[in-house]
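Working notes, structure below.
Every chain is numbered from 1, with letters handed out A, B, ... down the list of sequences. Computed from a prediction, not measured in an experiment: that's the story for all the values here.
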Amino acid sequence: MEKLIQELKTKIIETLSLLDMTPEDIDTDAQLVGGQTGLDSIDVLELVMMVEKDYGVKIDNKELGMKVFASVRALARYIHEKRTDTVH
Amino acid sequence: MNVRVFIIGMGIISPLGAGYSETFAALKKGRTGITPLSLFPTSHQEPLPVGEIGDVPHHEHLPRTHVLAKIAAQEAMRRTKEKPDAIVMGVITGGMPVTEELLMRGIYDPQRYKNHSTGSVTEYVAREVGCTGPVLTVSTACSSGTVAMKIALEMLRSGQSKCVLAGGVDALCRLTYYGFHALQLVDPAGARPLDQNRRGMTVAEGAAMFLLVAGEKPPDHAMAELLGVGLTCDAYHPAAPQPDGLGACLAMQNALSDAGVALSDIDYINLHGTGTIDNDLAEAKALHALFGVNLPFLSSTKGAFGHALAAAGAIGSAISVMSIAHHLIPANSGCEVPDPELNLHPVMVPLKAEVKTVLSNAFGFGGNNAALVMGDPEKSSSRRNVHREVTPFRILGSACLTGAGDTETTLACLYENKQIKGLMNPDAMTMHLPPRVVRRLKRLSRMVLSLALSAHKNSGTSDSPASVFFGTGWGPLSEVYDFLKKLFESDEQFSSPTDFVGSVHNAAASQVAIWFKAKGPNVTMTGEDYSFEQALMSASLLARDPDECCLLIAADEYHTVLSGLFDRSVALSDLPADGGAAFYLKPGGSDHGLRFSPVFLEYTHNNPHAVRSMMNSLGGKVRIGERFGAVFAGIPEAHREKGHQQLDDFLSVTGFRGPVIDYRRWTGEFAAASAVAAFLAAHFVKEGDLPSLHGHSSISPLDGKGILLMGLGEFVTAVEVLP
């Protein structure tokens, strides 16, 4: 789980071109959207694509998205629960 | 004088049918045209519902967008022999239906891409209907059709035109089908505007065109009167509407005051009502804020038509005309249980009621809000006099970007006789901006934001611009390419929502608006090599308040794959180049700053007299000699022969003796080169002389005169830069 959290932080920075941040700057439990990272709805959808592509996990509606992207830990937990072994 | 503008012809093609009669019959019955996509295969097990038009005549190599536009234009002109002296069209997808197919199949023959640009749609219609005047293309996302109507309205009010063909068109393509899906904005059950269970929009296609004339009294065959249009920008977010609906509310308010009608005059509102959760919420808030408890009949027709993007505002205008002509309030199709949170009471089945005045909304990406008021020509309650002279702008600040670098570097290179054409490092453009601001911006948006900030800074003023006018020949090529590449590489499984939002031509202008909180009109013009001139022309029509400044920007980016496929001048050039320029302008009134005005713009197809007409509009040869110390001629490489003939014609008739600068030799080949030329012209006029430049060995004094900036080739344009 901790490994997945670290991996996700790196992917978030890469996917969203957060070039002024390092993985250490992202608080695992802090609010991901609208918080210190300043992410918005388009960023969330960009991450939805990344999660589906890299982990085979679909997040196909806004309500679910809000829950899953509450924090990096919430995201990791969701991916951990849903990911299929055939992907990645 | 009381100039009124009437609709004397109308054409429409949509998922509800081809032509006025079919569309009206479907509206009257409350029929819907939404079906699962069949136009192209998709990666979806069950294709999403769309608003697709059946039986569109197929033309080899001619994009569907062009075909739809022509069908609507021909119907609009069927009842009259009058030829339009101008065309204004709203377009987003342009030739994308063909382009994406070619890219998907790996075909890289530039000849096959010749109808890619949004401008090519308008020019095709101009050739088909024989229009040789201003041919303008607007691309402000989903408000494009209504913005086109506004520009046409002002051209007629100002007396520049007597008869204008205006409207909007878009065709279904993978870019929009997958793009809105990636944004999770598509309702898998089909759009249910205002419904409590709505989940999004339905992407659609269509075209609606209108023949508009100016007059003091309605002509015999007037179908409706275009009373007014209001334009605003949220300056809030690249894609999402401002949640409180304030921008939308102001657009409606501006439309009513432009029309000279009261709230109580509105009998019916055709909503933007896309069916997305956020749009419908924001629009409802805007309506409550403006109308209070006295809301008239209202409905969204997007549950029947789907959302035809650039055509949406034009289709809304067509519905307004039909509503007035037949006293019909169309149904809010698709909605079963109105969302109590919206507290609106849409008309659920088509009904008969007296309709004299209609308000029609169209909102788009970039927070572009447009609202239009249509009236019964015989029962107009308008109380407004409009007849406005177009006055020159004053240049308060300006900036450029070229292959050499920023403004200072470009000028230094030019004075040292060094080359300025080429490509600038994109990071250098935005190095002074916070990484967070530019992280999602690719090459064109970076250029445009950087130019806007520099021009504003160079003006030395602390106030902010109220409106933004942007010209780009080809738009954000990086975003378009990256979106399609990801889509095709993943067998249409994945695409980037960020790139989709950034792929609209007006994305860069919306970034400028967000930065400056510029909440007035935000207009993007896309007329290939003449986009800068078209943007200047639209600014001169829409930014008239001498107390409010505006930003005028034009830029184009070079893209290694797409530029050479789309732009024939780039393909013929030996050196990749791009860049642009920005101007901070004050409309009329002031004594300070250079005078800057668009004087002439005509399409030259079958128009052998364009150069002579331009000379006349400049006041004839004596005036030209008296006022201009130099001519800057813009001749795109692909139209060199035609352009040189036009230039020779100009020089032989005027006998102009001053320096004539073929400026693309310095700037390189890119669509917005004329903006860089305008920047340099303004700089030299201010300095009072031309430096010794390539081909001109000595310094040429301008003797207190200005510079004439001419565009040649497919269009002939004239812009004056005067001391």
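For the 3.5 Å distance criterion, the side chains of Gln31(A) and Ser71(A) fail to qualify, holding no donor opposite an acceptor. When only modelled atom types and interatomic distance are considered, Thr42(B) and Glu492(B) share no side-chain donor-acceptor pair under 3.5 Å. A donor and an acceptor atom, one from each side chain of Asn522(B) and Asn506(B), are nowhere located under 3.5 Å apart. In this structure, a donor-acceptor pair under 3.5 Å is present between the side chains of Lys9(A) and Thr28(A).
Most heavy-atom pairs under 4.5 Å with chain B, from the set Leu18(A), Asp40(A), Thr15(A): that is Asp40(A). Comparing Leu19(A), Val48(A), Asp43(A) by heavy-atom pairs within less than 4.5 Å of chain B, the highest count is held by Asp43(A).
Of the two parts of Val44(A), neither the backbone nor the side chain holds a non-hydrogen atom closer than 4.5 Å to a non-hydrogen atom of chain B. Heavy atoms closer than 4.5 Å to chain A are found in both the backbone and the side chain of Ser495(B). Proximity to chain B is limited to the backbone of Ile59(A), based on heavy atoms less than 4.5 angstrom apart. Pro435(B) touches chain A through its side chain: at least one heavy atom from C-beta onward sits under 4.5 Å away, while N, CA, C and O do not. Heavy atoms of Met21(A) lying under 4.5 Å from chain B belong exclusively to its side chain.
Ring-centre distance between Tyr178(B) and His44(B): below the 6.0 Å cut-off.
Taking the side chain as every heavy atom from C-beta outward, Met50(A) and Glu14(A) never approach each other to under 4.5 Å.
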